Amino acid sequence: MRGRAIADAYARFRRTQGDDVLLDPAVDDALVERWGQWLLERLAAADLIYRRDGEGWRLRSGNLHAESERRLDELQGWSDAAVAGQRRLLEHVDDPGDTGNELEQSLSKLAAAGWSVDSKKDKGPPTVHYAAGDMPLATGDDWRAPGTLHPRFAAALAALIGAAPPGPDVDPAAHGAELAGALPALAVVSSGADAALLDLRTVAKALRDAGALDLPDGEPAGPVLASGPFKLRAAKRKATASANGATPVADANDPAAQIAARGADAVRFALLHAAAPEKRFAGEDDVVGYAASFLAGLREFASTHLDGTTAAAEIDSSDALRRRLAGWCDTAVAKTAENYERLDLHRATRNAIALFARIEDFEARVARERSEVTGRDREAVAVAVAVLAKLLTPLAPAAADDLAPRGERVAAAAHHG
């Protein structure tokens with residue numbers, strides 16, 4: 001969920017910049033089958049597949065892994081964790097099996113072979129993070145038979161062809177150029193699925209070598225962020241109602257329970273807010289309670305300060321207090337844009353929180369100096385809240401929609417049809 005929240009927030013930001021961004025597309029199985037068969041023909045013609053007795057058809061991927069090793073230092077925009085994950089995976093062995101679930105070797109033998117093994121205190125079966133070797137493509141004796149695509153090949157292929165035009169009648173031969181034009185991907189957020197990322201890169205390079213994909217730089221992925229694990233635990237203190245009226249969740253790490261108690265926007269905001277995306281987070285569930293309280297307070301503020309009409313185009317800066325508020329808004333917009341470009345979503349949430357605090361501070365100062373907030377001061381608050389709504393659109397979409405002045409919501413609804 002954390003990785004998806006990060007990816008979705010970034011995609012929404014890029015759309016606000018006018019970019020036509022596709023996010024994590026769901027590709028029809030029949031389409032994957034059609035592309036898979038078409039690409040297997042080209043891989044076979046290029047002598048890039050072979051049959052392993054009893055284990056189906058495999059890709060000759062040793063050279064592709066060696067190329068990845070050479071190119072790791074050249075990757076641009078990849079987080080240190082993502083590059084380190086690829087380095088670990090490339091220290092591979094050829095056997096046993098595709099997934100490493102059926103192991104007969106001892107842990108010491110596995111370690112000597114370079115496998116990454118999670119040794120558990122309960123002495124249960126070890127979890128092997130990756131078993132590389134030549135990648136499986138199809139099962140059975142005939143790769144042309146329907147339904148024989150190996151799940152790993154199908155998954156990597158689906159990630160690649162998601163950028164191709166949708167529809168059941170897509171002809172791979174006619175749209176291969178369009179697929180190539182959509183790569184490298186704008187950005188990739190990996191939730192620890194380093195093996196899946198290596199599979200995607202391996203398949204893309206094989207298709208390039210088979211003449212089925214124009215990939216001059218050899219990489220199908222642009223910048224890659226490896227997001228860290230996120231785990232909540234119930235607060236230790238006595239359960240009491242939180243600021244937004246919701247009680248702490250008994251099963252803190254149950255997303256459905258968190259959403260039911262505090263709302264989807266609060267869970268999403270908390271996932272983005274808790275820590276830097278690549279950092280591990282393990283803490284009490286009051287991080288979700290804090291997010292819910294912030295969003296509830298923001299909604300309450302908007303309901304009592306906005307009259308539902310479209311905000312003015314900009315803040316009247318003829319007054320020192322309003323000029324300061326306008327500067328705060330400009331700073332928040334500039335910093336948040338920089339946060340999104342760097343995938344620093346935790347900083348983007350903090351900038352949104354800081355701007356709300358400054359809007360409240362502006363109102364308090366105006367009330368002290370002028371007794372009440374009216375006229376151009378009230379308009380300034382409306383403009384600032386509209387700016388905050390735009391900053392929140394990728395972070396908490398439902399809350400942002402609630403904050404947008406009525407005229408903007410009507411226009412947005414008409415725009416999205």
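The model shown is predicted, which means the values in this text are computed figures rather than measured ones. Keep in mind that the numbers below use all heavy atoms, side chains included, and drop hydrogens, waters and symmetry copies.
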Main-chain N/O of [Y] paired to [X] side chain as donor or acceptor, under 3.5 Å:
| X | Y | value |
| --- | --- | --- |
| Asn339 | Lys335 | yes |
| Ser227 | Glu278 | no |
| Gln76 | Glu74 | yes |
| Asp316 | Arg376 | no |
| Arg15 | Val21 | yes |
| Trp78 | Gly222 | yes |
| Arg42 | Trp38 | yes |
| Thr148 | Ala138 | no |
| Asp254 | Ala256 | yes |
| Asp265 | Ala399 | yes |

Exercise: identify the closest heavy-atom pair between [X] and [Y]:
| X | Y | answer |
| --- | --- | --- |
| Ala389 | Ala400 | O-CB, 3.3 Å |
| Leu392 | Ala352 | CD2-CB, 4.0 Å |
| Ala264 | Ile259 | N-CG2, 3.9 Å |
| Leu197 | Ala221 | CD1-CB, 4.5 Å |
| Gly162 | Leu22 | O-CD2, 2.8 Å |
| Met135 | Ala156 | CE-CB, 4.4 Å |

[X] and [Y] ion-paired at < 4.0 Å:
| X | Y | answer |
| --- | --- | --- |
| Arg365 | Asp361 | yes |
| Arg342 | Glu338 | yes |
| Asp285 | Arg233 | no |
| Asp319 | Arg370 | yes |

Are side-chain heavy atoms of [X] and [Y] found at a separation under 4.5 Å?
| X | Y | answer |
| --- | --- | --- |
| Glu363 | Val373 | yes |
| Leu157 | Phe153 | yes |
| Pro220 | Leu160 | yes |
| Ile359 | Leu355 | yes |
| Pro255 | Met1 | yes |

Check step by step if side-chain hydrogen bond (donor to acceptor under 3.5 Å, both in side chains) holds for Arg299 and Ser303. CA-CA 6 Å; Arg299 285 191 177 96; Ser303 69; over 6 Å; no
Residue list, side-chain contact (heavy atoms from CB on, under 4.5 Å) with [X], at least two apart or on another chain:
| X | value |
| --- | --- |
| Leu64 | Leu59, Ser61, Glu67, Thr202, Lys205, Ala206, Arg208, Asp209 |
| Val333 | Val387, Leu391 |
| Asp28 | Ala30, Leu31 |

First locate atom [atom1] of [X], then atom [atom2] of [Y], and finally report the distance between them rounded to the nearest 0.5 Å.
| X | Y | atom1 | atom2 | answer |
| --- | --- | --- | --- | --- |
| Leu232 | Phe281 | CG | CZ | 6.5 Å |
| Leu403 | Leu298 | CG | CG | 4.5 Å |
| Ile161 | Trp35 | CD1 | CH2 | 6.0 Å |
| Leu186 | Arg14 | CG | CZ | 4.5 Å |
| Glu55 | Arg58 | CD | CZ | 5.0 Å |
| Leu43 | Trp57 | CG | CH2 | 12.0 Å |

I'd like to check the ring-ring contact (aromatic ring centres under 6.0 Å, His included) partners of Phe362; sequence neighbours left out, ordered by chain and number. none
Do we see a donor-acceptor contact under 3.5 Å between the side chains of Arg12 and Thr16?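 Thr16 and Arg12 do not have a side-chain donor-acceptor pair below 3.5 Å.
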Test Leu388 against Phe356 for side chain to side chain contact (heavy atoms under 4.5 Å, CB included), laying out the working first. CA-CA 7 Å; Leu388 179 54; Phe356 182 38; 3.9 Å; yes
Side chains of residues 267-277: which donor-acceptor partners sit under 3.5 Å, not counting sequence neighbours?
from   : atom 1 : to     : atom 2 : distance (Å)
Arg268 : NE     : Pro394 : O      : 3.3
Arg268 : NE     : Leu395 : O      : 3.1
Arg268 : NH1    : Asp8   : OD2    : 2.9
Arg268 : NH2    : Asp8   : OD2    : 2.6
Arg268 : NH2    : Pro394 : O      : 2.7
His273 : ND1    : Thr349 : OG1    : 2.9
His273 : ND1    : Arg350 : NH1    : 3.2

Worked verdict on Trp143 versus His150 for side chain to side chain contact (heavy atoms under 4.5 Å, CB included): CA-CA 10 Å; Trp143 56 262; His150 192 281; over 6 Å; no
Among pairs that include at least one residue of residues 5-33, which meet ring pair (Phe, Tyr, Trp, His ring centres under 6.0 Å), considering only residues two or more places apart or in two chains?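 Residue pairs passing ring pair (Phe, Tyr, Trp, His ring centres under 6.0 Å), neighbours aside: Phe13-Tyr340.
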Going through the distances and angles, do Leu149 and Gln37 end up as a side chain to side chain contact (heavy atoms under 4.5 Å, CB included)? CA-CA 8 Å; Leu149 292 188; Gln37 291 296 324; 4.2 Å; yes
Does the side chain to side chain contact (heavy atoms under 4.5 Å, CB included) test come out yes or no for Ser190 and Leu225, once each step is laid out? CA-CA 6 Å; Ser190 169; Leu225 172 74; over 6 Å; no
